[in-house]
Each structure stands twice: as structure tokens, then as C-alpha cells.
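Remarks on the structure that follows.
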Amino acid sequence: GREQFHGLGSMYCRGAAAVILTYDVNSLQSLTELEERFLALTDSASADCIFAIVGNKVDLSDDCSSAVDENRREKSVGSCGSKVRKQVHAEDAIALYKKILKYKMLDEKDVPAAEKMCFETSAKTGYKVDYLFETVFEMVVPIIVRQKAEGPPQTVDITDYKPAKRTKSGCCA
């Protein structure tokens, strides 16, 4: 995200059941910056938070044929002219995912496999965006159900507030 919003990251991650980290597949710097800024933010996510690493903008890369959404094939086929060379590959995203697990001291056998949690999408064409959210949703719902069953949330319900009764005593009564 933009630099002016970097300080808000930990607030958005606080208690999160899932975090989707996105970088530009055509910019190695975007993955590097994501790693530098994100690892510390994982501290505020819930203990069983799911992390998804998402490479976006595959529609702009030279590997255009795989990034065409089936629903929009007729519109996108002709737009594969001037593409840039993809700088970030699946192995790089998998390495970041494993760094997050190591940082969080999570065992790889207790979390979803890296290959299942690293995605390449195109927000412009819609390529694999639905698949990303469906996958994360299917993993998050059981976690939320289990958390609800374990007990009350760590929040305060302000709708139960009852004002104290005023008594007629003192000088201001």
C-alpha cells in the first residue's frame, strides 16, 4: 500500500483470521517491501491466522496466455502485445510464506501447504480472484466457528451499558 498508510497495518491485522498479502508479479521490489513491512505485523493477527501470498497483475506479464480469465477470454486474447517480463515467480512467494511460518514459529505440518496458499491473480481480468477468496473462505470459516464455540470474544459489548442511577445528594442535586 501507499507509504502514508503503513502505520495502520498492525491495526488492520489485529485479531485477523486471515491475511492476504499482495505484491506485483512484475516487480521484485514489491515482494521485498512486502516482506520488510509485513513480518512484524503478523504479531497482531490471531494465533491461528491463515496467510495467503498473492501475486497480482499477471495480465501485464509476458506469460499472458495463462492469465486470461475464462469468462473474459474473447476480450483479453488480443491484448497480449506489449508485456513485461515477470520478476517474481511462485518459488519466491513460497519462500516468503515459509519465512512467515518460521517467524511465527509455526510447524509446516500444522498449517496449509505453501503451494496451496500462494496465488497468482489479475484484479483487472479477474483471473483466479474468485478461486483465491473461495480457498481462503473455506479455511477461515471452520476457524471462526471453533473460536465462537470456545468462548466469548475478547471485546466489550457497549450495547449492554446501563447508566448509573443518580441520587439527590451533594450540592448539585
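Since this is a predicted model, take the numbers as computed values, not measurements.
Remark: K104 engages no residue in a salt bridge (charged side-chain N to carboxylate O under 4.0 Å, His left out) (not counting sequence neighbours). Residues satisfying the side chain to side chain donor-acceptor pair (under 3.5 Å) criterion with Q29, sequence neighbours excluded, are E33.
Nearest heavy atom pair, residue A93 against residue I53, reads CB-CG2, 3.9 Å. The shortest heavy-atom contact between Y97 and C118 is CB-SG, 4.0 Å.
One hydrophobic cluster, built from ILVMFWY side chains closer than 4.5 Å, cannot hold both I94 and Y23; they sit in different ones. The same ILVMFWY cluster, assembled from side-chain heavy atoms under 4.5 Å apart, contains both L101 and I20.
The main-chain N or O of Q87 is never found under 3.5 Å from a side-chain atom of N26 such that the two would form a donor-acceptor pair. Side chain of S61 to main chain of K57: no donor-acceptor pair is present (N/O by atom type, distance under 3.5 Å, no hydrogens or angles).
Comment: E120 engages K86 in a salt bridge, judged by a side-chain N to carboxylate O separation of less than 4.0 angstrom.
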For residues 135-146, which side-chain donor-acceptor pairs fall under 3.5 Å, sequence neighbours excluded?
unit_1: T135; atom_1: OG1; unit_2: Y131; atom_2: O; d: 2.8
unit_1: R146; atom_1: NH2; unit_2: D48; atom_2: OD2; d: 2.4

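Separation of atoms CG (L31) and OG1 (T22) is listed at 11.0 Å; rounding is to 0.5 Å. Note that CG of D92 is 10.0 Å distant from CD of E35, once rounded to the nearest 0.5 Å.
Side-chain contact between I50 and V19 is absent, with no heavy atoms from C-beta onward closer than 4.5 Å. Residues Y127 and V58 form a side-chain contact, since some pair of their non-hydrogen atoms from C-beta on lies under 4.5 Å apart.
Neither side chain, D24 nor S30, offers a donor N or O lying under 3.5 Å from an acceptor on the other. At a cut-off of 3.5 Å, with distance as the only test, a side-chain donor of T121 or N56 sits close to an acceptor on the other residue.
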> Given the rule in the side-chain contact (heavy atoms from CB on, under 4.5 Å) test, do L96 and L34 qualify, once you have shown the distances and angles that lead to the verdict?
Replying inline: CA-CA 9 Å; L96 175 58; L34 181 66; 4.0 Å; yes
